Amino acid sequence: MDNNNFNGMGSGFESSYSNQSTTNNYNEQPFVAPTYNGPMDPPRPAYDGLEEPVSIGEWVITWLIMLVPCVNIVMMFVWAFSKNEKKSKSNYFKVQLIVMGVILVLYFLFFLIFGAAMMSSMQGVGSYGY
């Protein structure tokens, strides 16, 4: 179809439409449509797969490995300081090693004090001839 056919159909509409300007009557400023830029979230670091949560199946396997004597201590160090392990699992085993170290120091102090008390109480036993 030709553009001339459309021009003849609605002459009143086209004349009123073509006479409108792109300015509003308030301040004679041109109308600018608002734009949506999205939420202002900070940029995220590149996804490396180490931030995803540890699955239940992975925790079950971890728990079963922790039941094996001597292997559990070695695996705690491996999981705590491995660069390829998920961060939540790595942090969990770092905390476990810290707690285990604190408990070991407390046991050592307890047995040192208790052993010294036992040795001092047993010193007099041999001198009386019992």
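The figures that follow rest on heavy atoms only: side chains count, while hydrogens, waters and symmetry mates do not. Computed from a prediction, not measured in an experiment: that's the story for all the values here.
Grouped by direct or indirect side-chain proximity (heavy atoms under 4.5 Å, Ile/Leu/Val/Met/Phe/Trp/Tyr only), Leu67 sits with Ile56, Val60, Trp63, Leu64. Its side chain within the 4.5 Å cluster rule, Val105 clusters with Leu109 among the Ile, Leu, Val, Met, Phe, Trp and Tyr residues. Under a 4.5 Å side-chain heavy-atom cut-off, the cluster of Ile, Leu, Val, Met, Phe, Trp and Tyr residues that includes Met118 is completed by Phe114.
More than 12 heavy atoms of other shown residues, nucleotides or ligands fall within 6.0 angstrom of atom CZ in Phe81.
The hydrophobic clustering, which links ILVMFWY residues whose side-chain heavy atoms are closer than 4.5 Å, places Val74 and Val95 apart. Grouping the Ile, Leu, Val, Met, Phe, Trp and Tyr side chains by contacts below 4.5 angstrom, directly or via other members, places Ile98 apart from Met100.
Ion pairing of Glu58 with Lys86 is present here, as a side-chain N (NZ or NE/NH1/NH2) and a carboxylate O approach within less than 4.0 Å.
What you find for Ser90 and Ala80 is that their closest heavy atoms are OG-O, 2.8 Å.
Applying the side chain to side chain contact (heavy atoms under 4.5 Å, CB included) rule to Val71 yields the partners Ile65, Val68, Met75; only residues at least two apart in sequence or on another chain are considered.
For the pair Phe93/Thr62, a side-chain contact is recorded, criterion being any heavy-atom separation below 4.5 Å from C-beta on.
Here the CE-CD1 distance, from Met66 to Ile73, works out to 8.5 Å after rounding to the nearest 0.5 Å.
For residues 66-82, no residue pair satisfies the side-chain hydrogen bond (donor to acceptor under 3.5 Å, both in side chains) rule, not counting sequence neighbours. Applying the side-chain hydrogen bond (donor to acceptor under 3.5 Å, both in side chains) test to every pair with at least one member in residues 94-108, sequence neighbours left out, gives these pairs: Tyr92-Gln96.
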